[in-house]
Amino acid sequence: MNLGLTSLQVEIDANVRKVCAEFGDDYWHECDENSRFPEEFYKAMAVAGWLGITMPEELGGSNLGVTEASIMMHAVASSGGAQAAASSIHINLFGPHAIVVHGTPEQKRRWLTPLIQGEQKACFGVTEPDAGLDTTSIKTYAKKVEGGYRVTGRKMWTSTGQEAHKILLLVRTTPKSESARPTDGMTLFYTDLDRKAIEVRRIKKMGRNAVDSNATFIDNYFVPDEDLIGEPGKGFYYLLDSLNPERILVGIEAIGIGRDALNRAAKYARERVVFGRPIGKNQGIQHPLAESWALLESAYWMCLRAAWLYDNKLPCGAEANAAKLLAARAGFDATTKAVLTHGGMGYAREFHVERLFRESLLPRIAPVTEQLILSFIAEKVLDLPKSY
Ligand SMILES: Cc1cc2nc3c(=O)[nH]c(=O)nc-3n(C[C@H](O)[C@H](O)[C@H](O)COP(=O)(O)OP(=O)(O)OC[C@H]3O[C@@H](n4cnc5c(N)ncnc54)[C@H](O)[C@@H]3O)c2cc1C
């Protein structure tokens, strides 16, 4: 058993931090205030070669594992950019997995190379307003026509939909009622997101304002046959393999945000003098922060354990879900305490902890909620009746 990082992983952490250091608090504050995509950061990460960390080497990627991607995203999220920084790039690390595994050589060249080079961005169209977490109840339907499909339906929360060139789109090609199993009959496309033909309406939201999320309206949109991934009807299964990496990465990003917030809180507690002494001399200030350190530390290693299992092709569903649950809670707990440690100034934009606080709630909700994670663990690990 070796529970430390390898020298390659330490190097990844240091090199990613070097790129992130170019983008300070004022940069992220401005992107958040103006709801502006962090294009300069995205470009810098592309130029430094980080956007293809998990993608095949022959296409210009690094072919590294989810463990290395986790180290990278922990560094990104703890750099002050929080979820905004992470969400501007993280779909590259797990989203195209279905293409890597099930795409033809021609599709991989056509789709993955521009993603790795930062020339194209992709978004994820899975969630629907009337299905929610019950993914097999999606209604967006693709009808087979000459040369392709005609797609009609609605997607919800499509992140980066205002920026993306492509959408990974899950649709039904057979209604649920006519499928042998609820998970059958769904099909996955990777296709142009043509905003002249598809309405992509931005949703005003609490935080992570630099990265847009949208309600997406698709009406009789043509998707050519060459944009179909694998076989029709198997799309849900293709997607499944990227869900555990997504949970692990979102989890470790939450840890990054929490650690950033905790460092800011400890600094403020050392410097702020009230009643003639630093506030950090009070145990009422110290203990919550020390507790946060312990929670973040344990969830961090849970994330890396899940990543290690995934990279070693071992079952990791329960661990990846547990990692996301614990990490998101630990991250949110740390940002909450960071705001409280700053007193009134915690509520001011100037100290940035309120931005981290707003962004740290999101990993508790997306890509899967705490309730569904607990239901999954109850069923799969504890052998309790399925409740959803
Ligand atoms: C900022 C943001 C960005 C996002 N980006 C994307 C994206 O890019 N692409 C995409 O496809 N999706 C995206 N999502 C969607 C996200 O994955 C969903 O919001 C999330 O999966 C929860 O689904 P829902 O909002 O429909 O909740 P619902 O399914 O409506 O659930 C509402 C509440 O009820 C609970 N609940 C429901 N059923 C049960 C049950 N059986 N037992 C116990 N509790 C239950 C849930 O846990 C939750 O607390 C994003 C969401 C947000 C907020």
Side-chain angles (χ1 to χ4, degrees), residues 32 35 37 77 82-98 121-140 153-172 182 186 188-190 193 198 200-218 235-236 238-240 242-247 249-251 253-254 257 321 324-325 328-329 332 355 357-380 384-388:
D32 183 59
S35 298
F37 188 82
Q83 272 281 318
S87 307
S88 71
I89 57 173
H90 77 178
I91 190 169
N92 268 39
L93 277 46
F94 62 86
H97 193 73
K121 301 186 185 94
C123 65
F124 220 46
V126 175
T127 307
E128 294 193 7
D130 298 328
L133 288 156
D134 183 9
T135 306
T136 65
S137 293
I138 61 166
K139 297 277 184 328
T140 299
R154 273 183 72 182
K155 293 289 170 183
M156 192 60 184
W157 288 114
T158 323
S159 292
T160 72
Q162 301 292 336
E163 300 286 331
H165 305 81
K166 298 279 184 182
I167 182 165
L168 190 74
L169 188 61
L170 187 72
V171 301
R172 276 221 163 264
M186 282 183 271
L188 199 57
F189 296 122
Y190 186 74
L193 179 59
I198 294 179
V200 183
R201 197 185 296 165
R202 191 166 187 149
I203 300 168
K204 288 192 178 171
K205 58 191 190 325
M206 176 196 285
R208 206 201 64 181
N209 290 315
V211 175
D212 58 271
S213 293
N214 303 275
T216 304
F217 302 82
I218 308 170
F236 186 80
Y238 299 158
L239 209 57
L240 274 185
S242 60
L243 297 186
N244 286 326
E246 184 182 21
R247 284 160 174 51
L249 291 171
V250 168
E253 288 161 15
I257 300 170
N321 275 284
K324 207 287 274 188
L325 174 83
R329 284 186 176 175
F332 181 70
R355 176 169 55 81
F357 168 76
R358 285 186 281 118
E359 301 211 354
S360 72
L361 187 51
L362 182 54
R364 293 187 65 178
I365 300 168
V368 61
T369 60
E370 298 183 356
Q371 290 91 336
L372 264 284
I373 285 180
L374 293 172
S375 295
F376 174 87
I377 292 173
E379 180 199 349
K380 304 288 181 196
L384 293 170
K386 183 170 174 153
S387 66
Y388 56 96

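For ligands, and for the atoms within them, numbers begin at 1 and follow the listed sequence.
- Distance check: Ile167 CD1 to Ile218 CD1 gives 5.5 Å after rounding to the nearest 0.5 Å.
- When non-hydrogen atoms are compared, ligand 1 lies under 4.0 Å from the side chain of Thr369 (C-beta onward) but not from its backbone.
- Of the possible donor and acceptor atoms, none in the side chain of Asn321 sits under 3.5 Å from a partner among the backbone N and O of Ile373.
- The shortest N or O to N or O distance between Ala366 and ligand 1 is not below 3.5 Å.
- Among all non-hydrogen protein atoms, the one lying nearest atom 7 (C) of ligand 1 is Trp157 O, 3.1 Å.
- Polar contact with ligand 1: present for Phe124 (N/O pair, distance under 3.5 Å).
- Once rounded to the nearest 0.5 Å, the distance linking NZ of Lys121 with CD1 of Ile91 reads 12.5 Å.
- An N or O contact shorter than 3.5 Å is missing between Ile365 and ligand 1 by distance.
- Distance check on atom 3 (C) of ligand 1: some protein heavy atom falls below the 4.0 Å cut-off.
- Given atom 8 (O) of ligand 1, the protein heavy atom at minimum distance is Ser159 N, 2.9 Å.
- In this structure, atom 30 (O) of ligand 1 is not in close contact with the protein, since no protein heavy atom lies within 4.0 Å of it.
- Of the N or O atoms in Pro367, one or more lie within a sub-3.5 Å distance of an N or O in ligand 1.
- Annotation: atom 15 (C) of ligand 1 to nearest protein heavy atom, Thr127 OG1, 3.3 Å.
- For ligand 1, the polar-atom distance check finds an N/O of Gln371 within less than 3.5 Å of one of the ligand's N/O atoms.
- Distance from atom 23 (O) of ligand 1 to its nearest protein heavy atom, with residue and atom name: Leu133 CG, 3.6 Å.
- With a heavy-atom cut-off of 4.0 Å, Leu362 touches ligand 1 through its side chain alone.
- Given atom 24 (P) of ligand 1, the protein heavy atom at minimum distance is Gly132 CA, 4.2 Å.
- The local environment of CG in Asp134 is crowded, with over 12 non-hydrogen atoms from other residues, nucleotides or ligands closer than 6.0 Å.
- In this structure, Ser213 is part of the shell of residues with a heavy atom less than 4.0 angstrom from ligand 1.
- For atom 40 (C) of ligand 1, the closest non-hydrogen atom of the protein is Leu372 CD2, 4.1 Å.
- The N/O atoms of Tyr388, backbone and side chain alike, include none that comes under 3.5 Å of an N/O atom in ligand 1.
- For atom 33 (C) of ligand 1, no protein heavy-atom neighbour is present inside the 4.0 Å cut-off.
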